[in-house]
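Below, chain A is the first sequence line, B the second, and so on; all start at residue 1.
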Amino acid sequence: MDNYLHLKHLCFKYTGIGASTQDVLNNITLSLGVNECVAIIGQSGSGKTTLIQHFTGLLKPSSGYVFYGDQDIWAKSFRKSVLRKKIGLVFQFPETQLFEESVAKDIAFGPKNMGLQQVDIEQRVVEAMQAMELDPALFRNRSPFHLSEGEKRRVAIAGVLAMQPDMLVFDEPTAGLDPKSVQRFAMIVRRLVEAGKAIVIVSHSMDFVAEVADRVIALHAGKLVYDGNPCDFFADIKRLRDIGLERPSLLEALDTWHRPVPPFLQGVISFQEFQNKIKKFAHFHEL
Amino acid sequence: MAFLTDISLGQYYPGDSFVHRLDPRTKLLSILCFMTALLISFEPIVLIGFSILTLVIIASSQLPLALVLRNVRPFIWLFFLTIFVHVFLTPGRLLYTMPLMSLKITYEGLTLGLIYSVRLVLLILLAALLTLTTSPIELTDALERMLSPLKRFKVPTHEVVMMLTLSLRFIPTLLEEAQRLKNAQVSRGASFEGNVVQRIRSIVPLILPLFISAFRRADDLALAMDSRCYTGGEGRTSFRKLVFKSADYLVLLAVLTSLMLLIIF
């Protein structure tokens, strides 16, 4: 599928008295929607969360356009509820939005709002739970308030997944998760991409970004400073320093261990790829 | 739910004007006097005087005018209701009869409606001016000092004042949280429009998580206070001592004498 969400020369600033007159977002142009995993990165306050709220029209740009396909989403005739079914937003700490008495009911909230039949809702709930590695038999009737924080978050994400959007946007999905849960989440993201979804992840963790992203979009002080593949992005140390970001720890480690990086490890940024390459290398040289 | 972003209740706007520098007790007492005066007098001339006074205070506080006036906005329907009720329900000299519903507009009603709304506007503006020019800490310090005589009657003034500060402090936090939750539920297809029943029902996915997080916040706060050895009011000193300056005496003198004069005449 082609890109279907286009931001064109988008600027945003907060209005009201006492609000800063500076643009929070400044002339952002980008397209999303291809079946890939895009990471939006940048320092705190660079405008990442503000940017994703424009995707479904939760914020209105002060100037510039957001197009869904060829329709301007702020045109009078455009119904934003359509957009919100197609693009699922998962906010920071989504576990705080749970409110139903059982896990299954909470996940069913979205599909129910879409006006689906009970049978379809049931099926979507089960599918979403399985995708988020929540065993329906164990979890469906439990109260969401009695789960662990990691489980709560998976329930909340399942609630968005059950609406079966084409694109899923996560804001800091790994914040506050233990390393094992982060790994599990990386697996889940990879499976979602394989299932044909467009994934957008806002993250502070360069390790996580290196692990899952096919494309990196970097923001600095409200401006788009990079849009392209992660390898090139992490290779440019000067730019990284300029915009206040770190390199993934694997790259740091490779630099300290051996410089220059051996040819067969060139361009490797994720641990998984690293493991595969090392295994292949060892196998080839019969080590 | 646009009002979520409009509320500036208890907001403080830092500055270094004459009004900002006044002792918070002076400001609190003056406001109390003003409010009493506003509520006991019906004379239009007094209201005009107070309107001018309010403008003078706004000017000398160096606050943006729009920021002060914004506080009135959430109450606009209250003014309409006030004027409406008074205009049509006060008996007196007939000015005009509405053709369809035989509603009568009277001269007395019109004046009374205007007086009551101007009063409300002034009360709100004055209260807003107090919080805009006084930081919550100053305000509660002042309250605690002024209420301290009640300690003799075993009233836990310090605790009461602390609770007040905390609730003021958490209003913006809770509003932000509500906005965030609203966005999250809207993204799950929730709708906050429709008839009254639908709206009340749609509020559950918002209110419930909000309550849960408020309770959790309260718990965390209690723990944090405990771990910093908070024990309450007895023998507690404050970092800033409140001291009356000559400006404070002058302002208080002026305010009190005008209130006296108003009561006498």
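Residue B:F211 places its CZ atom among 12 or fewer non-hydrogen atoms of other residues, nucleotides or ligands, all under 6.0 Å distant. Dense packing is recorded around CZ of A:F145, with more than 12 heavy atoms of other residues, nucleotides or ligands lying under 6.0 Å away. Around the CG atom of B:L69, the shell of radius 6.0 Å holds more than 12 heavy atoms that belong to other residues, nucleotides or ligands. Around CZ of B:F79, the count of heavy atoms belonging to other residues, nucleotides or ligands within 6.0 Å exceeds 12. Residue B:E176 qualifies as open at atom CD: its count of foreign heavy atoms under 6.0 Å is 12 or below.
With a 4.5 Å cut-off on non-hydrogen atoms, A:M114 does not touch chain B at all.
Between A:V160 and B:R188, the closest heavy-atom pair is CG2-CG, 4.4 Å. A:F109 and B:P205 make their closest contact through CZ-CG, 3.8 Å (heavy atoms, listed as atom of the first residue, atom of the second, distance). Considering every non-hydrogen atom in both B:L208 and A:F99, the closest pair reads CD2-O, 2.9 Å. The heavy-atom pair separating B:P209 from A:L98 by the smallest distance is CG-O, 3.8 Å.
Here A:M163 is the residue among A:K80, A:Q53, A:Q92, A:M163 with the most heavy-atom pairs under 4.5 Å with chain B.
Residues A:T96 and B:R216 bring no donor and acceptor atom of their side chains to less than 3.5 Å of each other.
In this structure a side-chain-to-backbone donor-acceptor pair under 3.5 Å is missing from A:Q97 to B:Q185.
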Subject >> Pair B:S187-A:L58, side-chain contact (heavy atoms from CB on, under 4.5 Å): steps then yes or no >> reply: CA-CA 9 Å; B:S187 301; A:L58 288 171; 3.9 Å; yes

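At a threshold of 4.0 Å, the pair A:D171-B:R180 does not count as salt-bridged, since none of the basic side-chain nitrogens sits closer than that to a carboxylate oxygen.
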